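Just below is one structure, and these are the notes that go with it.
Everything quoted here is computed from the prediction, not taken from an experiment. Lettering of chains follows the sequences in order, A, B, ..., and the numbering in each one begins at 1.
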2 protein chains.
Amino acid sequence: MRDVAIIGIGDTKFGELWDSSLRRIGIEAGIAAINDAGISGDEVDALYVGNMSAGRFIEQEHVAALIADYAGLTKNHIPATRVEASGASGALALREGYLSVASGEYDIVVIGGAEKMTDVGDEDITNIQAAAMDQEWESVFGATLPSLYAMMSRRYMHEYGATREQFTSVPVKNHANAAKNPKAQYRRAIKPETVLNATMVADPLGMFDCAPNSDGAAAVVLAPMEIAKKYTDTPVRIAGSGQASASLALHQRRDILTMDATVYAARKALKQAGRDVGDIQVAELNDNYTISEILALEDIGFVEKGKGAEFSSSGQTEIGGKIAVNTSGGLKARGNPIGATGIAQAVEIVRQLRGEAGERQVDGARIGLTHNVGGTGATAIVHILEVA
Amino acid sequence: MRDVAIIGIGDTKFGELWDSSLRRIGIEAGIAAINDAGISGDEVDALYVGNMSAGRFIEQEHVAALIADYAGLTKNHIPATRVEASGASGALALREGYLSVASGEYDIVVIGGAEKMTDVGDEDITNIQAAAMDQEWESVFGATLPSLYAMMSRRYMHEYGATREQFTSVPVKNHANAAKNPKAQYRRAIKPETVLNATMVADPLGMFDCAPNSDGAAAVVLAPMEIAKKYTDTPVRIAGSGQASASLALHQRRDILTMDATVYAARKALKQAGRDVGDIQVAELNDNYTISEILALEDIGFVEKGKGAEFSSSGQTEIGGKIAVNTSGGLKARGNPIGATGIAQAVEIVRQLRGEAGERQVDGARIGLTHNVGGTGATAIVHILEVA
């Protein structure tokens with residue numbers, strides 16, 4: 001397979017974008033990425049789109065063709081492919097696009113992720129997100145995503161003696177990072193007390209332990225490495241790509257405190273890249289809930305099982321710490337427009353590797369990782385990105 | 001890229017399968033294909049699933065991981081990817097799976113298509129299917145798929161002097177073929193009068209001009225050609241694969257009687273296969289409405305523009321005619337469980353090329369074509385399959 005590089009990035013501001021539509025934010029991100037790559041639309045060979053539930057959020061399926069259409073890319077009748085793996089839809093689009101370029105089928109491919117969540121009410125959003133879980137064994141009985149992540153949190157506290165105070169380090173750090181990210185949904189730093197005193201969502205997860213409902217889109221442009229250098233001096237190589245699955249229902253896992261899909265996906269991506277986890281300098285992890293970032297730290301191997309909360313609360317995941325995690329603000333504070341998230345993670349890592357991350361720049365970052373999860377861990381996708 | 005072969009096929013009966021569920025029919029088709037290939041589940045490297053709207057039909061997204069899970073394929077945590085392009089979701093899964101094997105990323109890949117449509121009411125089904133169209137410009141104003149295909153039909157009659165009597169040849173032939181297909185939803189031959197006297201759906205399309213609502217699943221197993229022969233004496237090569245898009249909204253096309261996406265997809269697939277359209281002996285075309293099969297005959301190039309209805313009514317698309325079309329019964333009579341359709345088309349062509357099509361066998365079939373369409377033509381995907 002051919003080496004593949006990211007040669008362009010683009011994103012919208014994340015937030016409650018009530019004055020815009022899915023197609024409009026999708027196009028805004030895509031055009032930003034095309035402009036950043038310095039290519040013209042006519043050079044695009046294919047489009048991949050990650051989206052979880054436009055069918056239910058806005059009664060629109062077939063969204064890849066839709067976005068190709070409104071972006072003017074149907075002039076050449078390019079293939080437009082939508083992929084879905086609930087919360088991991090964005091990274092899945094990146095991976096499928098990556099394979100399509102690596103295979104030699106296409107040269108220039110645009111990968112977009114988009115979701116428009118806030119056009120329906122909060123209860124509807126909760127139900128739509130619950131479709132990421134096992135309908136027959138979980139959601140039909142009233143289980144929601146936060147309720148299952150709450151069970152993991154409680155179990156983690158029981159098993160490893162972690163405290164809610166330790167957990168606050170995740171959202172506090174991510175809000176601090178988002179305050180330095182102009183595209184983030186929430187740009188205010190918060191204190192541990194804010195997290196501890198917030199309205200309870202599903203004990204022990206409070207409002208500040210849960211990623212928000214968001215609208216937004218993000219996009220990248222891929223090219224084979226041999227031609228990437230024609231377009232940019234700073235191509236970012238996709239050095240590794242791993243995808244794995246596990247049981248949809250939480251009760252069927254061997255251990256609810258280990259996401260095996262993450263373990264397998266990370267192992268595969270690191271192996272392909274020829275890297276050890278210690279080589280990673282900056283990582284965007286799937287912090288849809290506080291516990292998610294803790295488990296990801298452990299499952300990828302940044303720290304041993306059971307030590308994630310302590311590691312986080314000791315400041316090791318801050319910018320300047322051992323491994324800078326979620327410099328963008330993460331799903332928690334940058335925002336989590338579901339299908340866009342996996343692409344937004346790649347956009348952030350590219351900004352870091354190019355040295356364009358402004359106030360939140362990790363000094364000398366040359367190797368980064370993205371980690372995107374669907375449901376409670378039935379899909380996980382990990383990419384390793386490197387300065388070419 | 002590597003040569004890729006289909007080494008196993010499987011499908012459920014299509015119909016109103018009220019006593020089964022999406023996951024169950026998905027697994028039934030997948031296991032049939034795995035058994036047909038003579039492989040064990042442990043040898044499967046990845047799963048691709050085509051599905052249009054499980055989110056709305058059964059409140060379940062993340063269906064690729066779900067089916068991997070219930071098929072026991074998560075033991076090795078294999079990647080499971082769902083793709084969607086409304087009516088073309090099945091063929092899109094086949095194409096993405098094909099690229100993944102051609103690239104060298106995977107060896108043995110299972111491709112499944114499934115849809116469970118009949119768990120909701122008919123009006124809901126109509127609305128869910130309308131999400132294949134442009135929500136802001138078509139469906140929000142009450143346009144439905146049959147209404148837009150009716151406009152194409154009426155325009156075709158006006159433009160080329162075709163008659164409803166000529167159109168009847170499409171469903172009459174497809175029902176006759178389905179009568180010989182044990183897996184088909186409708187196994188009764190019908191007469192032209194049945195079509196002409198049926199309840200009107202959207203003038204001039206009557207009940208027998210429209211594919212039914214169906215439940216069903218189909219699957220194929222892919223392998224690189226070099227190892228395919230270890231598993232089977234009758235591998236079927238994917239000689240060409242083409243995908244193209246066009247505007248989602250019908251009014252934005254240059255001509256509502258030409259599906260440019262079909263034209264481009266067919267041209268690409270034939271070119272890759274090094275074949276002329278005259279080489280094709282058997283074809284599964286996307287007859288979701290009568291007019292669709294007529295337009296497909298023209299857009300792929302079996303007959304010149306405007307001659308499709310005459311060509312069909314002269315018997316040239318029957319088994320034994322110039323080109324045997326929809327020997328399975330097509331979407332009209334085999335049934336149209338949306339995400340399954342594109343895979344079911346490949347299953348039928350493989351049966352024909354293996355000489356396993358029983359009473360509906362096309363003598364000496366060695367080269368076949370599948371054609372799958374999303375919406376009113378915003379996505380089209382064509383595959384050329386050949387005896388290896």
Side-chain angles (χ1 to χ4, degrees), chain A residues 1 21 23 46-47 52-56 58-66 68-69 73-74 77-86 92 95-96 99-100 102-105 127-128 130-136 139-140 243-249 252 260-261 263-265 374-375 378-379, chain B residues 1 21 23 46-47 52-56 58-66 68-69 73-74 77-86 92 95-96 99-100 102-105 127-128 130-136 139-140 243-249 252 260-261 263-265 374-375 378-379:
Chain A
M1 298 201 296
S21 63
R23 61 187 74 185
L47 173 70
M52 175 176 172
S53 280
R56 291 176 79 184
I58 58 164
E59 300 189 357
Q60 178 72 69
E61 308 282 4
H62 214 172
V63 291
L66 177 83
D69 181 4
L73 297 174
T74 44
H77 300 283
I78 63 163
T81 299
R82 175 213 175 179
V83 299
E84 186 272 325
S86 70
L92 186 55
R95 178 167 162 78
E96 289 295 303
L99 288 177
S100 78
S103 73
E105 179 75 3
N127 289 335
I128 291 169
M133 299 152 42
D134 191 319
Q135 195 270 342
E136 289 186 13
S139 46
V140 76
Q243 176 189 356
S245 62
S247 294
L248 223 61
Q252 288 179 320
D260 278 330
V263 173
Y264 278 77
T379 297
Chain B
M1 298 202 295
S21 62
R23 61 188 73 186
L47 173 69
M52 174 175 173
S53 280
R56 291 176 79 183
I58 60 166
E59 300 187 356
Q60 178 73 68
E61 309 281 4
H62 215 172
V63 291
L66 177 84
D69 180 6
L73 297 174
T74 44
H77 300 284
I78 63 163
T81 299
R82 175 215 176 179
V83 299
E84 186 271 324
S86 70
L92 185 55
R95 176 166 164 78
E96 289 296 302
L99 289 177
S100 78
S103 73
E105 179 75 2
N127 289 334
I128 292 169
M133 300 151 42
D134 191 320
Q135 195 268 341
E136 290 186 13
S139 46
V140 77
Q243 176 189 356
S245 62
S247 294
L248 223 61
Q252 288 179 319
D260 278 331
V263 173
Y264 278 76
T379 297

Less than 4.0 angstrom from a charged side-chain N to a carboxylate O is my criterion; do B:Arg95 and A:Glu105 meet it? yes

Are any side-chain N or O atoms of A:Thr379 and backbone N or O atoms of A:Ser245, one a donor and one an acceptor, separated by less than 3.5 Å? no

What's the spacing between B:Glu84 CD and A:Arg82 CZ if we round to 0.5 Å? 4.5 Å

What option among B:Ala85, B:Ala68, B:Ser21 has the most heavy-atom pairs under 4.5 Å with chain A? B:Ala85

Side chain, backbone, both or neither of B:Ala249 within contact of chain A (heavy atoms, under 4.5 Å): backbone

Please identify, among B:Val140, B:Leu66, B:Leu73, the residue contributing the most non-hydrogen atom pairs under 4.5 Å to chain A. B:Leu66

Select, from A:His62, A:Glu136, A:Met133, the one with the greatest count of heavy-atom pairs under 4.5 Å involving chain B. A:His62

Going by an N to O cut-off under 4.0 Å, is there a salt bridge joining A:Glu61 and B:Arg56? no

Apply side-chain contact (heavy atoms from CB on, under 4.5 Å) to residues A:Leu47 and A:Thr81 and explain how you reach the verdict. CA-CA 6 Å; A:Leu47 173 70; A:Thr81 299; over 6 Å; no

Partners meeting side-chain hydrogen bond (donor to acceptor under 3.5 Å, both in side chains) with A:Ser247 (sequence neighbours left out): B:Asp69

Interface residue of largest heavy-atom contact number with chain B, from A:Ile78, A:Val263, A:Val83, under 4.5 Å: A:Ile78

With respect to chain A, which residue among B:Leu92, B:Asn127, B:Asp134 yields the maximal number of heavy-atom pairs within a distance under 4.5 Å? B:Asp134

B:Gln252 portion near chain A, given a 4.5 angstrom heavy-atom threshold: side chain

What part of B:Met52 gets within 4.5 angstrom of chain A, counting heavy atoms only: side chain, backbone, both, or neither? both

Max heavy-atom pairs within cutoff under 4.5 Å with chain A, candidates B:Ala54, B:Ala130, B:Ala80, B:Gly104, goes to B:Ala80

In terms of heavy-atom proximity below 4.5 Å to chain A, should B:Ala132 be classed as side chain, backbone, both, or neither? both

